[in-house]
Amino acid sequence: PGVKCYSIYPSRRQTNPEDDNTFRVFHIDHDIPICESVSPNSSFRWHSMNDAEFTAYRKRQENEICEFMDEIEKREGKEFDFLISHHAFTNAMTGAQIVERRHREGKTKIRHFNFVHGTALKMFIKEKEKDPEYPLRFLPIAQGHGVFNSLDGCCGIWVNSEDYINKFLDCFPTYPKERCIFSRIGVNQNVFCPKGTT
């Protein structure tokens with residue numbers, strides 16, 4: 001009770017809903033950027049962006065998320081407690097920047113957590129392995145950004161595969177291992193199950 005969740009996500013096709021103010025579309029003029037080579041949803045890879053495009057994307061993402069959060073806080077009359085980003089890449093870096101920006105504005109309540117999916121992690125590993133399709137570019141950016149250098153940028157991470165913890169820590173060795181949690185994909189069938197009622 002009393003908990004509300006809001007979301008913003010990228011799309012070039014979808015529009016903001018007129019009847020639901022809990023989510024917003026981050027409009028882009030290309031497919032959703034992806035870390036891997038092939039996806040059923042997109043063929044637009046992060047590696048195809050030049051540095052200026054990459055920087056502009058992240059700054060616009062930060063600004064639009066902050067504007068959305070400001071609108072919500074004004075409407076609700078309270079500050080956000082948590083920001084949860086998905087993927088250990090641009091969204092995580094943007095999440096850390098948002099927390100830092102809001103702290104500068106005096107909004108110090110918010111804490112950032114990240115759900116590490118495999119795609120960005122696999123991209124970082126391929127960069128480290130010198131895969132010719134993945135020139136070493138984004139792992140150094142993420143490491144230099146500092147989102148996963150300590151708990152300052154991200155208070156905790158969840159992974160959806162147990163082996164991702166060590167793979168993540170191999171990419172970000174200063175991040176505290178005790179703040180890396182394995183969380184199974186799916187639903188808790190002890191909670192979400194038929195109860196014999198209609």
> Looking at residues at least two apart in the chain, or sitting in another chain, which of them share a ring pair (Phe, Tyr, Trp, His ring centres under 6.0 Å) with W158?
Replying inline: F113

>> Working to the nearest 0.5 angstrom, can you tell me the gap between C180 SG and E162 CD?
In response: 13.0 Å

> How many angstroms lie between CD1 in I125 and CG in L139, if you round to the nearest 0.5 Å?
Replying inline: 9.5 Å

>> Within this structure, what is the NZ-CZ distance for the pair K4 and F80, rounded to the nearest 0.5 Å?
In response: 10.5 Å

> Sequence neighbours excluded, which residues qualify as side chain to side chain donor-acceptor pair (under 3.5 Å) partners of T22?
Replying inline: D20

> Who pairs with V147 by side chain to side chain contact (heavy atoms under 4.5 Å, CB included), at least two apart in sequence or on another chain?
Replying inline: A92, M93, A96, H112, H145, C154

>> Would you compute the distance between atom OG1 of T94 and atom CG of N63 and round it to the nearest 0.5 angstrom?
In response: 10.0 Å

> Hey, what do you get for OH (Y57) to CD1 (I28), rounding to the nearest 0.5 Å?
Replying inline: 5.0 Å

> Under a 4.5 Å cut-off applied to non-hydrogen side-chain atoms, are L121 and V116 in contact?
Replying inline: yes

> What are the two closest non-hydrogen atoms of I8 and V25, and how far apart are they?
Replying inline: CG1-C, 4.4 Å

>> List the residues meeting side chain to side chain contact (heavy atoms under 4.5 Å, CB included) with F44, not counting sequence neighbours, and say none if there are none.
In response: H30, D31, P33, S42, S48, M49

> Do V99 and L151 share a hydrophobic cluster (ILVMFWY, side-chain heavy atoms under 4.5 Å, transitive)?
Replying inline: yes

> Mind checking whether E129 and Y134 have side chains closer than 4.5 Å, heavy atoms only?
Replying inline: no

>> So, using salt bridge (charged side-chain N to carboxylate O under 4.0 Å, His left out) as the criterion, who are the partners of E64 when residues are at least two apart?
In response: R60

> Out of curiosity, does I65 fall in the hydrophobic cluster containing F23 (side-chain heavy atoms, cut-off under 4.5 Å, transitive links)?
Replying inline: no

>> Show, in sequence, the C-alpha distance, side-chain angles and deciding distance for K167 and D170, and conclude whether the side chain to side chain contact (heavy atoms under 4.5 Å, CB included) test is met.
In response: CA-CA 5 Å; K167 290 177 180 179; D170 190 43; 5.5 Å; no

> Would you say Y175's side chain and F168's backbone share a donor-acceptor pair under 3.5 angstrom?
Replying inline: no

> Is any side-chain heavy atom of H47 less than 4.5 Å from a side-chain heavy atom of M123?
Replying inline: yes

>> For D81, give me all partners under salt bridge (charged side-chain N to carboxylate O under 4.0 Å, His left out), at least two apart in sequence or on another chain.
In response: K109

>> Which residues pass the side chain to side chain contact (heavy atoms under 4.5 Å, CB included) test with N160, not counting sequence neighbours?
In response: F115, H117, Y164, I185

> By side chain to side chain contact (heavy atoms under 4.5 Å, CB included), which residues pair with K107, not counting sequence neighbours?
Replying inline: D70, E73, E79, R102, E105

>> According to side chain to side chain donor-acceptor pair (under 3.5 Å), who are the partners of E100, at least two apart in sequence or on a separate chain?
In response: R104

> Are the aromatic ring centres of F26 and Y9 under 6.0 angstrom apart?
Replying inline: no

> Taking the six-membered ring where the residue is Trp, are the ring centres of F54 and F89 under 6.0 Å apart?
Replying inline: yes

>> Among residues at least two apart in sequence or on other chains, which ones pass side chain to side chain donor-acceptor pair (under 3.5 Å) with S161?
In response: D163

> Is there a path from I165 to F172 through hydrophobic residues (I, L, V, M, F, W, Y) whose side chains come within less than 4.5 Å of each other?
Replying inline: yes

> Sequence neighbours excluded, which residues qualify as salt bridge (charged side-chain N to carboxylate O under 4.0 Å, His left out) partners of K130?
Replying inline: none

> Can you name the closest pair of heavy atoms from A88 and F124 and give their distance?
Replying inline: O-CE1, 3.1 Å

> Quick one: does N114's side chain have a donor or acceptor within less than 3.5 Å of a partner on S85's backbone?
Replying inline: yes

> Any idea which heavy atoms bring W46 and T90 closest together, and the distance?
Replying inline: CZ2-OG1, 3.4 Å

>> If I take atom SG from residue C155 and atom CZ from residue R179, how far apart are they, to the nearest 0.5 angstrom?
In response: 6.5 Å

> How about E133 and K126: do any of their side-chain heavy atoms sit closer than 4.5 Å?
Replying inline: no

> Should R137 and E127 be marked as a salt bridge (charged side-chain N to carboxylate O under 4.0 Å, His left out) after you check the CA-CA gap, both sets of side-chain angles, and the distance that decides it?
Replying inline: CA-CA 7 Å; R137 178 179 176 200; E127 284 189 1; over 6 Å; no

> Is there a donor-acceptor pair under 3.5 Å between the side chain of D29 and the backbone N or O of R12?
Replying inline: no

> Who are the salt bridge (charged side-chain N to carboxylate O under 4.0 Å, His left out) partners of R75, not counting sequence neighbours?
Replying inline: none

> How about I72 and M69: do any of their side-chain heavy atoms sit closer than 4.5 Å?
Replying inline: no

> Donor-acceptor pair, T119 side chain versus C35 backbone, under 3.5 Å?
Replying inline: no

> Checking side chain to side chain contact (heavy atoms under 4.5 Å, CB included) for the pair R58/Q97: CA distance, chi angles, key distance, verdict?
Replying inline: CA-CA 10 Å; R58 285 187 36 232; Q97 288 165 210; 2.4 Å; yes

> Quick check: does any side chain N or O of Q61 sit under 3.5 Å from a backbone N or O of N91, one acting as donor and the other as acceptor?
Replying inline: no

>> I'd like to check H27 versus Q14 (side-chain heavy atoms, cut-off strictly below 4.5 Å). Are they in contact?
In response: no

